[in-house]
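Counting from 1, the numbers follow the sequence of the chain as shown.
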Amino acid sequence: RVRWPQLLELNYGAIDLNVSQTMLGDTFDVYTGTQNPSSRTICAHFDADPQFWASDPGLFDVPFLPMGSVDGKSVTTDMVQNGLSVALRFGRADGVAFDADAFFAAHPQWAWQQP
């Protein structure tokens, strides 16, 4: 609710395919003022977030919750007008891989979700 309007203003008039993909992969945490892939960023990394600042632990405020950004989709006017194509990224929008084996080894409380 804070970062997206900042990025829109920062990139006003210059949002193309590459900029839109960068915006979707943004990991700036407005709470800490740092690059901090976490549950509070556009490219959500709940699985990397210890939730130190969760004020009301609930469904999404659980430490190291195995969820977050799972894809990134961008499209331009030209792409739509010339054949309905779209740029897709399967996996996190910032391109950081999710290593399930390492995650489950570090956070056995989620091992029940292993295939």
Looking at [atom1] of [X] and [atom2] of [Y], how far apart are the two atoms once the value is rounded to the nearest 0.5 Å?
| X | Y | atom1 | atom2 | value |
| --- | --- | --- | --- | --- |
| Tyr12 | Leu7 | OH | CG | 16.0 Å |
| Lys73 | Leu24 | NZ | CG | 9.0 Å |
| Leu88 | Ser74 | CG | OG | 8.5 Å |

Salt-bridge present (Arg89, Asp71; N to O < 4.0 Å): no
Trace of the side chain to side chain contact (heavy atoms under 4.5 Å, CB included) decision for Leu8 with Trp4: CA-CA 6 Å; Leu8 288 174; Trp4 193 252; 3.5 Å; yes
Is it true that a side-chain atom of [X] and a backbone atom of [Y] form a donor plus acceptor pair closer than 3.5 Å?
| X | Y | answer |
| --- | --- | --- |
| Asp99 | Ala102 | yes |
| Thr22 | Asn18 | yes |
| Trp110 | Phe64 | yes |

Side chain to side chain contact (heavy atoms under 4.5 Å, CB included) between Gln6 and Val30, intermediate numbers included: CA-CA 10 Å; Gln6 289 175 343; Val30 296; 3.7 Å; yes
Do Gln35 and Thr27 meet the criterion of a side-chain donor-acceptor pair at a distance under 3.5 Å? yes
His45 and Asn36 side chains, donor-acceptor separation under 3.5 Å: no
Could you go through Met23 and Ile42, starting from their C-alpha distance and side-chain angles, then the distance that decides it, and tell me whether this counts as side chain to side chain contact (heavy atoms under 4.5 Å, CB included)? CA-CA 8 Å; Met23 290 170 64; Ile42 292 172; 5.9 Å; no
How far apart are the C-alpha atoms of Asp26 and Arg3, what are their side-chain angles, what is the distance that settles it, and do they pass the side chain to side chain contact (heavy atoms under 4.5 Å, CB included) test? CA-CA 9 Å; Asp26 188 78; Arg3 185 62 175 162; 2.9 Å; yes
